[in-house]
There are 2 protein chains.
Amino acid sequence: MSNLTLEDIARQAGVSRSTVSRVLNDHPNVREEVRRRVLEVIRQTGYHPNAAARTLASQRSLMLGLVLPRSVSSFFSDPYFPRLTQGIAQACNHYNYTLALFLVSSAEDETKIYPRISRRGLLDGVLLQSGQIGDQLMDRLLASNIPLVVIGRPFNPEGVSYVDVDNVNAAYNAVSHLVRLGYQRIATIAGPNNSTVSIDRKEGYTRALLERGRKIDPSLIVEGDFTEAGGYYAMQALLPIRPDAVFAASDAMALGAMRAIREAGLRIPEDIAVVGFDDLPFAATAMPPLTTVRQPIAPLGFKAVEVLLDLIENGVQPPRRIIMDTELIVRDSCGALKRRSP
Amino acid sequence: MSNLTLEDIARQAGVSRSTVSRVLNDHPNVREEVRRRVLEVIRQTGYHPNAAARTLASQRSLMLGLVLPRSVSSFFSDPYFPRLTQGIAQACNHYNYTLALFLVSSAEDETKIYPRISRRGLLDGVLLQSGQIGDQLMDRLLASNIPLVVIGRPFNPEGVSYVDVDNVNAAYNAVSHLVRLGYQRIATIAGPNNSTVSIDRKEGYTRALLERGRKIDPSLIVEGDFTEAGGYYAMQALLPIRPDAVFAASDAMALGAMRAIREAGLRIPEDIAVVGFDDLPFAATAMPPLTTVRQPIAPLGFKAVEVLLDLIENGVQPPRRIIMDTELIVRDSCGALKRRSP
DNA sequence: GGACTTTTTGGAAGCGCTCCCAACCAATTT
DNA sequence: AAATTGGTTGGGAGCGCTTCCAAAAAGTCC
């Protein structure tokens, strides 16, 4: 590894440190011949400028942080996060930023990580996956004054920039689809009540029913935890109430629900139709293939980075809001292909 | 955000910059009373030392890089990577390091990312997920002289430190289990030939058969790509050859194989037994529950960090090697519960 | 109580870069 | 020929920390 400095390059190229710096930063006012000479020396020596020195002098680290709070402990089981991370990483590559990952997995982590995040000279901005309602992390980050973009609508969104998918509309469309297909007793397996995602999707479910003049039957609403097992148990609780369709707030829960339905000796979609949310890879190959809502997860992450860079460049006021659209993917589990069309 | 410096803290505490620095770095030679006074000022002001300045002065960034090469594009679909990342992140938190994530998703990324990785003053060390054979990334990283730990045995392991699970033994145990259960025509759906993982698992398969005096029938070995779809097509290719058991080199492929078997109207395990590899969450709830090899993915990541810190502290020579054990999880898909025991 | 050792402290010199400012130079204008 | 302009270059002052070194303070021993 070379321990070359700007000074060394300057000497070898017969120019001053400043000139080399200008070449490195694509400053316009450098004679073409000099620029070439300097670049040639850099190429030959394999010189790379020291990141820390650059950050210290320029007060920009070209580094963004992605914080996944403890409450999203499903990081390793839910494909949502890898997808999101991928979108974010792609954007970072594209804009020449480096991505630092902060995975909070314990209360201890949180106290150790927070100072690292808010330490100056490390991050130019932070992306935060919104977690449970009541999570303190967002407020602390906000207080530290570092540019912040939250992924997923925070419970208390005043003054904060965020990106999100339109969960209300997505759920509304999915449930409207079931209504149009003629189902009478449409249940939902909602997510845990302490997240805005769950609230929004439940809101969409409610709105779709009310708008068609249906009554809301609270016994048709059960709560899962976004996991396969959660969906399984939720569906077992639902079976005695005899729904003829169920909207699950995640594909994993839909899968669990389907398992419970099959185990009860019922058919999908003939006895109970199922609609999920996410469009994970296995949705297409499930038995039967799952009708579900596709959300643009990676694009959401990409967009979050763009918004963050905007905040860094142009200031955090006013807060930016981006809501992305979803798409209903109709397959077999909703019975659309077997029943009357709308 | 405070723009305080060491100097400010020093003034307020009535000591010199050096003393504050010593307090910050847990240097022993500071009078207890002075230490308390300084800490109190730090607490009151909410001061955090500037990371870039620290790195520049101390020549250590307390930051590690995790590089996932392009060839592991399955980052978002295969739960292996989230799990691994989680183990790595936990170790980083534990040892007070920050983790930088480099997700290479295109050839362009690779040329842009490489200079960022090898830039001095950014990373103290690098973790590299070993990818395809022929990947140039490892050699470039090795040449840059930065401490490096590869995750998964590299094809050319001379002089490089790596951690891996014992894939040969794992596959050997899984296939031996099938042999003991009395299966006669044991097939394997291997991974792509250009990775050491696939080679090792195939090696374990071969060894288990040969050791029991079986012949290796090349037509019973087909290649998948570690995905569900790949397993599905591989199994379709295998069906005419009438295996009575199949060892898939990943759970995803095992799942695809099961789908193909069911579609052909055959039963699992009565007609064809299936064993997977990974023990992903869905393995336990598959129909029937999947017998598979559990690998300690998160611990592997954790260990990789520990090895890397060892290299950073004590030099990269000699190269370190860590091979971790796996565990065969027996469920229903292998027929162990229905057939004679070993 | 003085000579010695040990602990504690402050000052100063970097770490390798950016960026401002002044100096320089060549080309153009008067 | 002198003055003006605008592009190009080098020097110097930081950025905020660590760390070495020497000085000061505190302890120890006879």
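Any value given below was found using the heavy atoms of this structure, including those in side chains, with hydrogens, waters and symmetry copies removed. Within every chain, numbering begins at 1; the chains are lettered A, B, ... in the order of the sequence lines, protein sequences first and strands thereafter.
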Rounded to whole angstrom units, what separation is found between the [atom1] atom of [X] and the [atom2] atom of [N]?
| X | N | atom1 | atom2 | result |
| --- | --- | --- | --- | --- |
| Arg54(A) | dC15(C) | CZ | C1' | 16 Å |
| Leu56(B) | dT18(C) | CG | C1' | 12 Å |
| Leu122(A) | dC15(D) | CG | C1' | 16 Å |
| Glu7(A) | dC15(C) | CD | C1' | 13 Å |
| His27(A) | dG7(D) | NE2 | C1' | 12 Å |
| Glu32(A) | dT9(D) | CD | C1' | 16 Å |
| Asp26(A) | dC19(C) | CG | C1' | 16 Å |
| Arg60(B) | dG16(D) | CZ | P | 21 Å |

Measuring from the side chain of [X] (C-beta onward, heavy atoms only), which nucleotide among [options] has the closest atom?
| X | options | answer |
| --- | --- | --- |
| Arg17(B) | dT18(C), dC17(D), dT8(C) | dC17(D) |
| Val15(B) | dG16(C), dG10(C), dC17(D) | dG10(C) |
| Arg22(A) | dT18(C), dG10(C), dT9(D) | dT9(D) |
| Pro49(B) | dC17(C), dC17(D), dT18(D) | dC17(D) |
| Ser58(B) | dC17(D), dC17(C), dT19(D) | dT19(D) |
| Arg120(B) | dC17(C), dG10(D), dC17(D) | dC17(C) |

* Taking Asn93(B) for the side chain and Val104(A) for the main chain, is one N or O donor matched with an acceptor at less than 3.5 Å? ->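 Not a single qualifying donor-acceptor pair exists.
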
* To do: For the pair Lys112(B) (side chain) and His94(A) (backbone), establish whether a donor and an acceptor sit closer than 3.5 Å, ignoring hydrogens and angles.
  =>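 The answer is yes, because a donor-acceptor pair under 3.5 Å joins these two groups.
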
For [X], report the nucleic acid contact type (base, sugar-phosphate, nothing); a contact means any heavy atom under 4.0 Å.
| X | result |
| --- | --- |
| Gln59(B) | sugar-phosphate |
| Ser18(A) | base |
| Ser21(B) | base |

* Asked: Considering heavy-atom distances to DNA chain D, does Asn50(B) or Arg31(B) have its closest nucleotide positioned more toward the 5' end?
  ->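 Whichever sits nearer the 5' end wins; that is Asn50(B).
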
* To do: Please determine which of Pro147(A), Pro319(A), Pro154(A) meets the side chain to side chain contact (heavy atoms under 4.5 Å, CB included) test together with Ser161(A).
  =>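 Of Pro147(A), Pro319(A), Pro154(A), side chain to side chain contact (heavy atoms under 4.5 Å, CB included) with Ser161(A) is met by Pro319(A) alone.
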
With respect to the phosphate group of [N], does any side-chain polar atom (N or O) of [X] fall under 4.0 Å of OP1 or OP2?
| X | N | value |
| --- | --- | --- |
| Ser16(A) | dG10(D) | yes |
| Tyr47(B) | dG16(D) | no |
| Asn29(B) | dT9(C) | no |

* To do: Pick out which of Arg35(B), Arg37(B), Arg36(B) makes a salt bridge (charged side-chain N to carboxylate O under 4.0 Å, His left out) with Glu33(B).
  => Arg37(B)

* Asked: Does Phe102(B) have Arg116(B) sitting over its ring (NZ/CZ under 6.0 Å from centre, angle to axis within 45°)?
  -> no

* Asked: Do the side-chain N and O atoms of Gln86(A) and Gln90(A) include a donor-acceptor pair separated by under 3.5 angstrom?
  ->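 No, no side-chain donor-acceptor pair sits under 3.5 Å.
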
